[in-house]
Amino acid sequence: MATVDPRQISDLFDTIAPRYDQLNDLLSLGLHRLWKRQALLWLRPSPGQRLLDLCCGTGDLALLLASRVRPGGLVLGLDAAAAPLAIAQRRAERQPWLPLQWQQGDALATGLADGWADGAVMAYGLRNLADPAAGLAELRRLLRAGARAVVLDFNRPDSASAPATFQRFYLRRLVVPAARAVGLPDQYAWLEESLARFPTGPVQEELACAAGFAAARHRPLAGGLMGLLELQA
Ligand SMILES: C[S@@+](CC[C@H](N)C(=O)[O-])C[C@H]1O[C@@H](n2cnc3c(N)ncnc32)[C@H](O)[C@@H]1O
């Protein structure tokens, strides 16, 4: 996939949706749950807030956030692909007291009003967008002044560094073989491909400032394998 075709991306996530949560747990040894909780430390969700989970997938973060904004708040989970959203909705139905809404749509053009959100998260989504800079601009547009947002994704360490060597080993020797075992090798090969075109942490900070964020700080997580972009509108 040379350039990113949004239709192909959403087909890809429709295909992997039934295995997505299982593979996430297996391939991160469950650590993705910890990284997602770490992302929320910056966001500091609180009761009454209206929050967004962009590229929500099967809803991990939206569900976590929804338990923090009660009473009086709301979390909207948005994703372009129907299959992960359907899983998110089924998970939410098991906790009907959580204030959750779901929307199928494009994170680059959500259709929501300016300043709609008191905060937002995007986990493993920005890397999949056709234009990450435009994704950050849409994220900024959706936040009220002063609101916080956090983007969690794979990090792009210097290619000669130890974290980069480990990351290549992890993606080629663990992720793709595991995905092959469940019939999804091509879909998971996209991970390394998308990472190669993903802006580095310092460039993400620059793009966020250019998109109008007042503050942007990228920090490596998990020994440099992952990265957190902490943003303030
Ligand atoms: C790797 S998954 C991450 C899911 C979830 N945030 C998580 O951390 O488990 C990426 C998600 O981004 C969604 N996505 C990709 N491009 C999108 C776009 N342009 N607009 C909205 N969602 C998109 C995919 O459908 C997929 O569910």
Side-chain angles (χ1 to χ4, degrees), residues 1 3-28 30-40 43 51-66 75-92 100-112 117 120-139 141-142 149-155 171 175 178-179 184 186-195 197-198 221-222 225-229:
M1 211 183 294
T3 53
V4 178
D5 174 349
R7 279 274 291 280
Q8 261 180 292
I9 295 295
S10 97
D11 287 351
L12 183 150
F13 284 103
D14 275 335
T15 308
I16 66 180
R19 297 286 195 176
Y20 180 79
D21 289 327
Q22 237 178 338
L23 280 171
N24 255 2
D25 279 337
L26 178 75
L27 294 170
S28 73
L31 288 171
H32 72 100
R33 295 166 190 273
L34 185 71
W35 302 329
K36 285 171 178 163
R37 284 181 185 275
Q38 272 183 278
L40 298 195
L43 198 67
L51 301 179
L52 261 175
D53 181 2
L54 294 169
C55 303
C56 66
T58 55
D60 276 2
L61 273 168
L63 286 155
L64 270 180
L65 288 172
V75 178
L76 175 64
L78 179 139
D79 200 280
L85 262 186
I87 293 172
Q89 265 167 311
R90 281 202 297 278
R91 293 175 75 191
L100 278 159
Q101 285 180 10
W102 306 100
Q103 180 175 316
Q104 188 171 4
D106 188 349
L108 294 175
T110 59
L112 297 167
V121 292
M122 193 188 307
Y124 304 103
L126 191 63
R127 182 176 33 83
N128 289 295
L129 301 183
D131 183 349
L136 288 169
E138 178 67 353
L139 178 59
R141 186 188 72 75
L142 292 168
V150 64
V151 174
L152 166 65
D153 215 310
F154 278 80
N155 184 31
L171 293 172
V175 172
L184 298 166
D186 296 343
Q187 287 79 359
Y188 276 81
W190 165 242
L191 229 169
E192 188 172 355
E193 225 180 301
S194 60
L195 191 52
R197 56 175 284 285
F198 193 43
L221 204 65
L225 197 59
M226 302 291 153
L228 274 184
L229 179 64

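Heads up: numbering here begins at 1 and tracks the sequence. Atoms considered below: every heavy atom in the structure, side chains included; atoms not considered: hydrogens, waters and symmetry mates. When a ligand or atom number is given, it counts from 1 through the structure's own listing order.
Heavy atoms of Asp79 come nearer than 4.0 angstrom to ligand 1 in at least one pair. Remark: distances from the non-hydrogen atoms of His32 to ligand 1 are all 4.0 Å or more. Residue contact annotation: Cys56 has a non-hydrogen atom under 4.0 Å from ligand 1.
Close approach of ligand 1 to Gly105 (heavy-atom distance below 4.0 Å) involves ligand atoms 20 (N), 21 (C). Distances below 4.0 Å separate heavy atoms of Ala81 from the following atoms of ligand 1: 25 (O). Below 4.0 Å from some heavy atom of Gly57 lie the following atoms of ligand 1, by number and element: 4 (C), 27 (O). Near Leu129, meaning under 4.0 Å from one of its heavy atoms, ligand 1 places the atoms 16 (N), 17 (C), 18 (C), 19 (N). The atoms of ligand 1 that sit less than 4.0 Å from any heavy atom of Ile9 are 15 (C), 16 (N). Near Asp106, meaning under 4.0 Å from one of its heavy atoms, ligand 1 places the atoms 18 (C), 19 (N), 20 (N).
Considering all non-hydrogen atoms of both residues, Leu100 and Ala62 come closest at CD2-O, 3.6 Å. The two atoms that bring Lys36 and Asp60 nearest to each other are NZ-OD2, 2.8 Å, heavy atoms only. Contact between Ala107 and Glu138 at its shortest, heavy atoms only, is O-CG, 3.2 Å.
By the criterion of a heavy-atom distance under 4.0 Å, neither the backbone nor the side chain of Met122 is placed next to ligand 1. With a heavy-atom cut-off of 4.0 Å, Leu61 does not touch ligand 1 at all.
Applying the salt bridge (charged side-chain N to carboxylate O under 4.0 Å, His left out) rule to Asp25 yields the partners Arg33; only residues at least two apart in sequence or on another chain are considered. Under the ring-ring contact (aromatic ring centres under 6.0 Å, His included) criterion, Tyr124 pairs with Phe154, not counting sequence neighbours.
The line from OG of Ser10 to CD of Gln104 is 7.5 Å long, rounded to the nearest 0.5 Å.
The backbone N or O of Leu228 lies less than 3.5 Å from no partner atom in the side chain of Asp153, so there is not a single donor-acceptor pair. Between the side chain of Arg91 and the backbone N or O of Thr58 there is at least one donor-acceptor pair closer than 3.5 Å.
In this structure, the protein non-hydrogen atom closest to atom 20 (N) of ligand 1 is Ala107 N, 2.8 Å. Scanning the protein heavy atoms around atom 23 (C) of ligand 1, the nearest turns out to be Cys55 SG, 3.6 Å. Remark: minimum distance from atom 22 (N) of ligand 1 to any protein heavy atom is reached at Ala80 N, 3.1 Å.
Sparse packing is recorded around CD of Gln101, with 12 or fewer heavy atoms of other residues, nucleotides or ligands lying under 6.0 Å away.
For ligand 1, the polar-atom distance check finds an N/O of Tyr20 within less than 3.5 Å of one of the ligand's N/O atoms. In terms of polar-atom proximity, Lys36 is counted as a contact of ligand 1, with an N or O under 3.5 Å from an N or O of the ligand. The N/O atoms of Pro84, backbone and side chain alike, include none that comes under 3.5 Å of an N/O atom in ligand 1. Any N or O atom pair closer than 3.5 Å counts here, and Tyr124 shares no such pair with ligand 1.
Between Leu76 and Asp53 the shortest side-chain heavy-atom distance does not fall below 4.5 Å.
Partner Leu229 forms a side-chain contact (heavy atoms from CB on, under 4.5 Å) with one of Leu152, Val151, Asn155 and no other, that one being Val151.
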